[in-house]
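Scroll down for the structure; my scribbles are underneath it.
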Amino acid sequence: MKLLLSLLVVSTLPKWAVPQVLPTSAPLTALAELVNGGPWIFSGERVRLKCSVPGNVSAEWRYQWFRGREQLQESEYFVLWKARPQQSGKYYCQGLRTTWISTQHTLHSLPIEIEVDGGWAILQAPPLPMLVGETMTLMCRVRGNPRLTEVILYKDGVELQRQSGPVLCVTNLTLQDHGSYWCRASWDGRRQTNSVISVAAPVSIIEVLTEPMLEIVPNDPLIHKDRMLLVCHVQLNAREPVSHIHYYFYQDGLSLGPASSQDRVAVLRDSGRYWCKASIPTLGLKRLSEPVPYGRVTGIHQGPVVSLQPRAPSHPDPMKGPPQTTTSIQPSEPPTFSDVSGDSPNTLAPGVGSDDGTVVWKDF
């Protein structure tokens, strides 16, 4: 009877006495957007920013704004009225909402950099890095928007273009177009010609598909001890989603297998030179890594030298002194291998040995 009573007592304990673990969700991140104006404005102009929390439209959020470490107002929109140069800086926001338990904070948004210029001319350049092959549009703005008679675009002290309109375009970008750009604008007024020069604006150019880098991992604990791991590191920079990257691996010019969507492969541990290639057939892009030796290797392959012609400069600015000389870059281009899938149009004979042990690459 005593045993039965004790069991009944235990069974009637309230359910809230049993501890429960509530699932936790990933922290949310606020989003700061530029609604009106631009990232580079004249003093006296206006710029308007908006803060939101993506994916939580129904929640009652408040928004706190910051400039650097300085805490600003609490509102959904933040406006710089008649901006001053002292108000230049990086602006970001954070979402807050109060529940019956506590106040929830989101992660800070990515910053938006606002530059307030007190001068007479601004060269508006793309804030994001441009990709090789794209067309870059620049605008030479002048305070008060006078009717311009001449606009000259410079890059690193060398004149590139001369025209009458404020919009300038640089087509078919290459890595050599990376640098500092500025403009000089002229207009007629009050029986005289006025001319102003903007502050230099940096422009970054990156490749859509970077040059791969092959890493050899000789002792990977997840593979057999007589094998090693080849890893092909590459970065894809594209405006729109693209299909998978195709990876190829080579030893001494011989293909180690067909194309794969995996950036790594386990191979028998063997001395030689190894390469990897990344290819995106839909974009017509393919890049080959530099050779990486492993073990005892004799002979060094030197690829053909190709001269890359830079964009032809125009006349220098007499106000800026003599123009800078531009020299052509002559990198060492690695050999082109034939793919098992027929991706490469050229076929090269791999591993043809010479008397001194040097590997010779020969065209058919």
Side-chain angles (χ1 to χ4, degrees), residues 31-34 37-42 47 49 67-68 88-92 108-117 119 121-141 151-161 166-185 197-213 233-242 245 278 280 283-287 289-290 306 308-314 316-317 320 323-331 333:
L31 174 65
E33 300 174 274
L34 190 60
W40 202 326
I41 60 175
F42 287 116
V47 65
L49 307 175
R67 185 186 66 175
S88 299
K90 295 183 178 180
Y91 290 80
Y92 59 94
H108 288 162
S109 68
L110 293 177
I112 297 179
E113 187 166 5
I114 303 297
E115 184 71 27
V116 183
D117 195 308
I122 292 176
L123 181 64
Q124 289 185 340
L128 298 177
M130 299 295 297
L131 299 178
V132 169
E134 289 184 330
T135 295
M136 176 174 62
T137 301
L138 306 168
M139 176 174 286
C140 188
R141 292 185 59 210
V151 176
I152 306 176
L153 177 66
Y154 298 92
K155 173 187 175 291
D156 298 331
V158 178
E159 179 183 331
L160 290 184
Q161 296 181 24
V167 179
L168 307 117
C169 294
V170 182
T171 61
N172 194 22
L173 292 172
T174 67
L175 294 180
Q176 284 135 354
D177 293 318
H178 178 98
S180 295
Y181 290 75
W182 62 89
C183 64
R184 185 175 68 178
I197 298 177
S198 71
V199 177
V203 172
S204 177
I205 312 294
I206 59 177
E207 295 183 285
V208 178
L209 189 66
T210 62
E211 179 180 321
M213 183 184 69
H233 299 281
V234 69
Q235 181 177 342
L236 174 64
N237 305 300
R239 304 294 184 196
E240 302 293 337
V242 298
I245 302 177
I280 306 178
L283 299 180
L285 297 175
K286 60 183 72 174
R287 298 295 303 274
S289 71
E290 290 292 327
V306 179
L308 300 180
Q309 297 297 329
R311 189 181 303 279
S314 183
D317 182 3
K320 293 294 183 177
Q324 300 177 357
T325 57
T326 306
T327 58
S328 61
I329 303 173
Q330 296 183 340
E333 181 181 346

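Predicted, not measured: the structure shown is a model, and the values here were computed from it.
Taking 4.5 Å as the limit, some side-chain heavy atom of L131 sits within range of a side-chain heavy atom of I206. Inter-residue side-chain proximity for S88 and E115 is flagged as met; some heavy-atom pair is nearer than 4.5 Å. With contacts defined as side-chain heavy-atom distances shorter than 4.5 Å, the pair P126/L138 qualifies. A heavy-atom distance below 4.5 Å is found between the side chains of L236 and L209. Under the 4.5 Å side-chain criterion, counting only non-hydrogen atoms from C-beta, I205 is not in contact with T174. Counting heavy atoms from C-beta outward, I197 and Y154 have side chains that stay 4.5 Å or more apart. When side chains are defined from C-beta on, L153 counts as touching L123, because their heavy atoms get closer than 4.5 Å. Using a 4.5 Å heavy-atom threshold, the side chains of I114 and I112 count as touching.
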>> Show, in sequence, the C-alpha distance, side-chain angles and deciding distance for T210 and R287, and conclude whether the side chain to side chain contact (heavy atoms under 4.5 Å, CB included) test is met.
In response: CA-CA 7 Å; T210 62; R287 298 295 303 274; 5.5 Å; no

Between Y181 and L160, does the side chain to side chain contact (heavy atoms under 4.5 Å, CB included) criterion hold? Intermediate values first, please.
CA-CA 10 Å; Y181 290 75; L160 290 184; 3.6 Å; yes

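For the atom pair CG (L168) and CE (M136), the distance works out to 9.5 Å, reported to the nearest 0.5 Å. Separating the CD1 atom in I41 from the CG atom in D117 is a distance of 10.0 Å, to the nearest 0.5 Å. How far OG of S180 is from NZ of K155: 8.5 Å, rounded to the nearest 0.5 Å. Note that CH2 of W40 is 11.5 Å distant from CZ of R141, once rounded to the nearest 0.5 Å. Distance CD/E134 to CG/D177: 12.0 Å, rounded to 0.5 Å. A distance of 8.0 Å separates CD in E159 from CZ in R184, rounded to the nearest 0.5 Å.
Judged purely by atom type and a 3.5 angstrom limit, S198 uses its side chain to pair as donor or acceptor with the backbone of C183. With hydrogens and angles disregarded, a donor-acceptor distance shorter than 3.5 Å links the side chain of Q161 to the backbone of C169. Side chain of Y91 to main chain of G68: no donor-acceptor pair is present (N/O by atom type, distance under 3.5 Å, no hydrogens or angles).
The neighbour count for L110 CG, taken as heavy atoms of other residues, nucleotides or ligands under 6.0 Å away, does not exceed 12.
The minimum heavy-atom distance linking V151 with P166 is given by the pair CG2-CA, 4.2 Å. Across all their heavy atoms, F42 and A121 have their closest contact at CE2-N, 3.8 Å. The two residues G157 and W182 make their nearest non-hydrogen contact at N-CH2, 3.1 Å. The shortest non-hydrogen separation linking E211 to E207 is N-OE1, 4.4 Å.
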